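As the structure is a prediction and not an experimental result, all values here were calculated from the model. In each ligand, atom 1 is the first atom listed, and ligand 1 is the first ligand listed.
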Amino acid sequence: MLLKDKVIVVTGGAEGLGRTTALQCADIGGRVIVADVNLDGAEDTARTITSNGGRACAVAVDLAREDQVARLIEQTENIFSRLDILINCAGILLNAGQRVDQFNTESWTQVIEVNLSGSFFCVKHAVPLLEKSGGGVLVLLASGAGIFGGSSSVAYAASKGGVRGIALCVKSQLQPLNIRIHVALPANMATHMKIKAAGDSAERHGESRQEAEAKIRAECASPEASATFLAELVSDDGAVAAVDHLVIGLGDWEGLKAAVR
Ligand SMILES: NC(=O)c1ccc[n+]([C@@H]2O[C@H](COP(=O)([O-])OP(=O)(O)OC[C@H]3O[C@@H](n4cnc5c(N)ncnc54)[C@H](O)[C@@H]3O)[C@@H](O)[C@H]2O)c1
């Protein structure tokens with residue numbers, strides 16, 4: 001049981017990578033707070049965990065609201081009395097395929113608030129409880145979109161590049177507190193976000209939404225492999241393999257472990 005008794009907050013836990021990660025963390029012994037703006041979805045994930053014999057609780061949170069993120073951490077302390085790990089999987093992608101000069105500023109703000117400010121709020125409010133618990137692990141989900149390029153949305157790419165900036169800045173602040181931070185880059189996954197972005201982008205370019213969505217379903221992986229990687233990364237075994245790696249591609253866990261051995 002790699003995560004035996006660890007207390008783990010997984011944001012975006014209602015669906016996609018967050019849901020799969022929450023289920024896998026619970027399967028290997030973690031006690032999970034499933035956090036999401038979609039409370040029904042988060043409750044469904046938590047119920048699935050408890051009906052399999054695991055421990056979980058759902059909490060509603062809008063990551064764009066600092067007061068709600070602060071309350072999420074307070075509730076975590078009230079429920080489980082500590083925090084060992086936070087994995088920030090929540091995220092949005094808007095206006096896929098929209099050229100920058102037509103990109104709607106309201107959508108820009110929304111994406112930056114959820115993806116970038118939300119990541120900052122998670123780190124800011126989790127750190128004191130992690131410190132009080134003796135240290136721990138923070139994982140922020142970024143994307144190749146903000147690091148290597150190739151995104152369909154300027155706001156999404158900017159937000160994900162910014163997430164890396166947060167980690168670059170705070171890594172050395174957190175080391176003396178025994179807190180490590182990683183930025184995780186999943187390979188493309190056939191989740192709601194990716195399928196909708198492909199459909200929106202195709203439609204904007206006069207192409208078939210159905211065909212674009214079907215292509216993503218056929219070509220992209222399900223989130224299981226990335227979730228398995230994340231669950232191992234945040235464990236004490238992960239500390240041995242990944243302690244000095246800030247940005248980690250979720251396709252390459254075995255390679256990373258082999259390189260360290
Ligand atoms: N799917 C991919 O191919 C891919 C690739 C690279 C990076 N990522 C990143 O991985 C993470 C997970 O993406 P996914 O594909 O599972 O997406 P998804 O759309 O399937 O799930 C995202 C989850 O975030 C929640 N959420 C959205 N806004 C929120 C808010 N304001 N507050 C709290 N929760 C909110 C949603 O309700 C949903 O449960 C995201 O950060 C995404 O940017 C995904």
- [ ] Using a 4.0 Å heavy-atom threshold (strictly under), name the region of Arg19 that reaches ligand 1: side chain, backbone, both or neither.
- [x] neither

Open item on the list: According to salt bridge (charged side-chain N to carboxylate O under 4.0 Å, His left out), does anything in residues 121-130 pair up with another residue at least two apart or in another chain? List the pairs.
Closed with: Glu66-Lys124

Task: Per atom 18 (P) of ligand 1, closest listed option by heavy atom (Met193, Glu113, Lys194) - done: Met193

Open item on the list: Show the nearest heavy-atom pair for residues Leu17 and Ala227, with the distance to one decimal.
Closed with: CD1-N, 3.8 Å

Open item on the list: Can you confirm whether the side chains of Asn95 and Ser153 place a donor and an acceptor under 3.5 Å from each other?
Closed with: no

Open item on the list: I need the minimum non-hydrogen distance between Leu116 and Val163, along with the two atoms involved.
Closed with: CD1-N, 3.6 Å

Open item on the list: Restricting to salt bridge (charged side-chain N to carboxylate O under 4.0 Å, His left out), what partner residues turn up for Lys4, sequence neighbours left out?
Closed with: none

TODO: Please could you name the atoms of ligand 1 that Glu15 approaches to less than 4.0 Å, counting only its heavy atoms?
DONE: 20 (O), 21 (O), 38 (C), 39 (O)

Task: Exceeds 12 heavy-atom contacts within 6.0 angstrom, atom CD of Glu203 - done: yes

Task: Contact atoms of ligand 1, heavy-atom distance to Gly16 under 4.0 Å - done: 16 (O), 20 (O)

TODO: Name the closest protein heavy atom to atom 32 (N) of ligand 1, giving the residue it belongs to and the distance to 0.1 Å.
DONE: Leu63 N, 3.0 Å

Task: Lys/Arg-Asp/Glu bridge criterion (N-O < 4.0 Å) met for Arg19, Asp36 - done: no

Task: Nearest-option assignment for atom 37 (O) of ligand 1, heavy atoms, candidates Leu93, Asn38, Asp62, Asp36 - done: Asp36

Task: Heavy atom of Pro223, distance to ligand 1 below 4.0 Å - done: no

Task: Over all atoms of both residues, closest heavy-atom pair of Lys160 and Leu141 - done: NZ-O, 2.9 Å

Task: For atom 15 (O) of ligand 1, closest protein heavy-atom neighbour - done: Thr191 OG1, 2.5 Å

TODO: Please state whether Gly118 comes within less than 4.0 angstrom of ligand 1, counting heavy atoms only.
DONE: no

Task: Option set Ala142, Gly91, Ala221, criterion heavy-atom distance to atom 22 (C) of ligand 1, minimum - done: Gly91

- [ ] Give the atoms of ligand 1, by number and element, whose distance to some non-hydrogen atom of Asn188 is under 4.0 Å.
- [x] 3 (O)

Open item on the list: For atom 33 (C) of ligand 1, what's the nearest protein heavy-atom neighbour? Residue, atom name and distance, please.
Closed with: Val61 O, 3.2 Å

Task: Top protein contact for atom 29 (C) of ligand 1, by heavy-atom distance - done: Val37 CG1, 3.7 Å

Task: Other residues, nucleotides, ligands: >12 heavy atoms within 6.0 Å of Glu106 CD - done: no

Task: Contact check, Pro186 vs ligand 1, heavy-atom distance below 4.0 Å - done: yes

Task: Atoms in ligand 1 flagged as close to Ser143, the criterion being non-hydrogen separation under 4.0 Å - done: 6 (C), 7 (C)

Open item on the list: Less than 3.5 Å apart, any donor N or O on the side chain of Thr20 or Glu224 sitting next to an acceptor on the other?
Closed with: no

TODO: Heavy-atom distances under 4.0 Å are what count here, so tell me which part of Leu17 touches ligand 1: side chain, backbone, both or neither.
DONE: both

Open item on the list: Please list the nearest protein heavy atom to atom 42 (C) of ligand 1 with its residue and the distance rounded to 0.1 Å.
Closed with: Tyr156 OH, 3.5 Å

Task: Within reach of ligand 1, part of Ile92 (heavy-atom separation under 4.0 Å) - done: side chain

Task: For the student: nearest non-hydrogen atoms of Ser201 and Gly97, plus distance - done: OG-CA, 3.5 Å

TODO: Quick one: look up the protein heavy atom nearest atom 3 (O) of ligand 1 and list residue, atom name and how far away it is.
DONE: Met189 N, 2.8 Å

Open item on the list: Looking at ligand 1, is there an atom of it that comes within less than 4.0 Å of some heavy atom belonging to Lys160?
Closed with: yes

Task: Residues Arg55 and Asp5 bridged, charged N to O under 4.0 Å - done: yes

- [ ] Heavy-atom distances under 4.0 Å are what count here, so tell me which part of Ala35 touches ligand 1: side chain, backbone, both or neither.
- [x] neither

- [ ] Go through the steps to decide whether Asp236 and Lys6 satisfy the test salt bridge (charged side-chain N to carboxylate O under 4.0 Å, His left out), and finish with yes or no.
- [x] CA-CA 10 Å; Asp236 293 339; Lys6 299 277 190 195; 3.4 Å; yes

Task: Protein contact to atom 12 (C) of ligand 1 [nearest heavy atom, distance to 0.1 Å] - done: Cys89 O, 3.1 Å

